[in-house]
2 protein chains.
Amino acid sequence: MEDVGRLAGVSQVTVSRALRDPSKVSPDALRRIRDAVATTGYVPNAVAGALASNRSRLVTALVPSITNVVYSSLVKSFIEGMRAEGYHILLSETGFDPDDEEALIAAHLSRRPDAMLLIGIHHTAQARRQLLGAGIPVVEVWDITDTPIDMCVGFSHADAGRSVADFAAEGGYLAAATLTAADERARRRARAFAERFEARTGRPVTAVTLPGPASLAEGRRSFASLCDDHGFAAGVVFCSSDLLAHGALIEAETRGIAVPETVAVIGFGDQDFAAHTAPALTTVSVDRTALGRKAASALLARLAGTPREEAVMNLGFNIVRRGSA
Amino acid sequence: MEDVGRLAGVSQVTVSRALRDPSKVSPDALRRIRDAVATTGYVPNAVAGALASNRSRLVTALVPSITNVVYSSLVKSFIEGMRAEGYHILLSETGFDPDDEEALIAAHLSRRPDAMLLIGIHHTAQARRQLLGAGIPVVEVWDITDTPIDMCVGFSHADAGRSVADFAAEGGYLAAATLTAADERARRRARAFAERFEARTGRPVTAVTLPGPASLAEGRRSFASLCDDHGFAAGVVFCSSDLLAHGALIEAETRGIAVPETVAVIGFGDQDFAAHTAPALTTVSVDRTALGRKAASALLARLAGTPREEAVMNLGFNIVRRGSA
DNA sequence: TTGTAAGCGTTATCAG
DNA sequence: CTGATAACGCTTACAA
């Protein structure tokens, strides 16, 4: 800045001002400064700026997995919303582990972000304490609670499980099963589904729980196990993700099981391919783009100092009936 | 740090040393400092640290799309590799546009990253200049060139297209077509495929180019267009992604076209689902995890000051023959 | 509209 | 092993 100023015939401060708010500098000086910036190839140092102003224009996001479209599409619209206002996003993967998340939160906090996005509502006590202590806006997404750290925008996984159970009960299925990946929220949906389905129909629900994350291969394998090891021959299967459900569909076809006549399959997530499987997948749709956008706008409002709007935003979900159930 | 030092009975500098390199401080002081850190809930300020040391421990990554598994899986392994050494990753989406990328590069550079990851080898002249001027290690991935900005790790898209053409020619297909999304690298593969296939068989290749990114729906649509508008009735179809290929498979089944007997389909990417479509997808496999890992280790080596290893690393690709071709 | 001066919270350098 | 002291490159009063 010193150099740029010298070249433009002004002081370093004036350069700073010209870059930050052009209206605070005379048009003539502005022009000379811009020329000087161009000829020197000056690149501002945001690190120094952040230290001096105590604003980093950096927002931190912690997601369980960046390769899972469910999260990446949400984060994508969040990033777009924040970038429109000049914020950058520091992204890390927590891998579904609260302790890893805690360590990452501490690491991210040391970068002095202006705000933070978290997936889910379950964090360690220490993490909550640090976040509260940081005094920055925090938004928790993809789940809902009455006691957010700061704000939260999402939907109720238990409600989703129950709605699917209602859908299944009304479909007249006489038996039900759940195929659930190793994910606390998925388990909450499965549990709520089972409780409601049993309450309405009086029939027990077979629960198959996977040791790891969802994948097509796991979907096939676990559906096979449901048939072979659990003796499931007919009814409705609620899968914790569309990927699992697609796997189940493929395995069912391989075994010559008619879908939805003999076995009906319900997914979760309404991913791109859900409308194109054979038969097309009945699933639970969550507007991830809206979630990300809402998270961004809520944070932006707080950062702009707008009077606090409601802290808990429930965007709900939607059951999409297609051919598989 | 001042406060922590006061509580521990040492100066601020000693606290800094204890945190940075515990071996440089007496065990006794170290213990007191750690206690003081715990009781005060002190969180180091990495911004100030970066300014003072001129090292941010931050690495910037620019990808065309974060929701596309092809890129996100590569970035995932890159992030893991860098995180193991204490680096954080600032991630932004360029959306395939070189000018947007240029603006983002400038923005990222202002954060003073210690290194940078770029997808692809085509960047604006201005972007190259800025990168060179920044004097940081840069790694370009997912493509290959003899003239990288600094280093590059990837594979040749033209080679991939030619290899698929060889595979197709040897398969004895009498006609060929390409289904290609709006992506420069995809087009390069398609072009190389067409040239080689025509050279070997003397038959022209029908090229269908999509206006936008790949999706299942686009795959169905463009395959339909290939049949209806271009009169393609039999032969091999090389798709620029597995997603497109899967769409083609679905559309073919809908139309009662036998795969691979009447129409053979080849994808690109070897995504998770490729082995589970019906028939299973013949495709080009690229080890994205290895690419990300290699990119991280190359950068890490440079950051550690290790004598420069080779700048261009070609990790190749692999045609996986399954049922669809 | 412009400039001066004082930080921001660290790390690096040098003495002790 | 520990402590003073001077940067790092900006922004924010405050003054002119």
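Quick caveat: nothing in here was measured; it's all calculated off a predicted structure. So you know, we letter chains A, B, ... as the sequences are listed, proteins then strands, and number each from 1.
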When you check the phosphate oxygens OP1 and OP2 of dT2(D), does a side-chain N or O of Ser26(B) lie under 4.0 Å from one of them?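 It does, given that an N or O in the side chain of Ser26(B) lies less than 4.0 Å from OP1 or OP2 of dT2(D).
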Using C1' atoms of five pairs at each end, report the bend of the helix from dT1(C)-dA16(D) to dG16(C)-dC1(D) rounded to 10 degrees.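 So the angle between the two local helix axes works out to 30°.
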Let me know the distance between [atom1] of [X] and [atom2] of [N], rounded to the nearest Å.
X        : N       : atom1 : atom2 : answer
Asn54(B) : dG9(D)  : CG    : P     : 7 Å
Lys24(A) : dG3(C)  : NZ    : P     : 15 Å
Asp21(A) : dC10(D) : CG    : C1'   : 16 Å
Arg57(A) : dC10(D) : CZ    : C1'   : 15 Å

Can you tell me if [X] and [Y] form a side-chain donor-acceptor pair at under 3.5 Å?
X         : Y         : result
Arg111(B) : His88(A)  : yes
Glu102(B) : His123(B) : no
Ser77(B)  : Arg293(B) : no
Ser56(B)  : Arg112(B) : no

CD1-CE distance between Ile33(B) and Met1(B), expressed to the nearest 0.5 angstrom: 9.5 Å
So OH of Tyr87(A) and CD1 of Ile79(A): to nearest 0.5 Å the spacing works out to 15.5 Å
Which part of the nucleic acid does Val10(B) contact within heavy-atom distance under 4.0 Å: base, sugar-phosphate only, or nothing?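 Val10(B): backbone/sugar contact only, no base atoms under 4.0 Å.
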Just checking Val47(A): base, sugar-phosphate only, or nothing, at a heavy-atom cut-off of under 4.0 Å?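 If one applies the 4.0 Å heavy-atom cut-off, Val47(A) turns out to touch nothing in the nucleic acid.
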In B/S/- notation, 5' to 3', how is nucleotides 10-16 of chain C contacted by protein heavy atoms closer than 4.0 Å? BBB----
SB check Arg32(B) Asp28(B) (cutoff 4.0 Å): yes
Is any side-chain heavy atom of Asp143(A) closer than 4.5 Å to a side-chain heavy atom of His157(A)?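 In contact.
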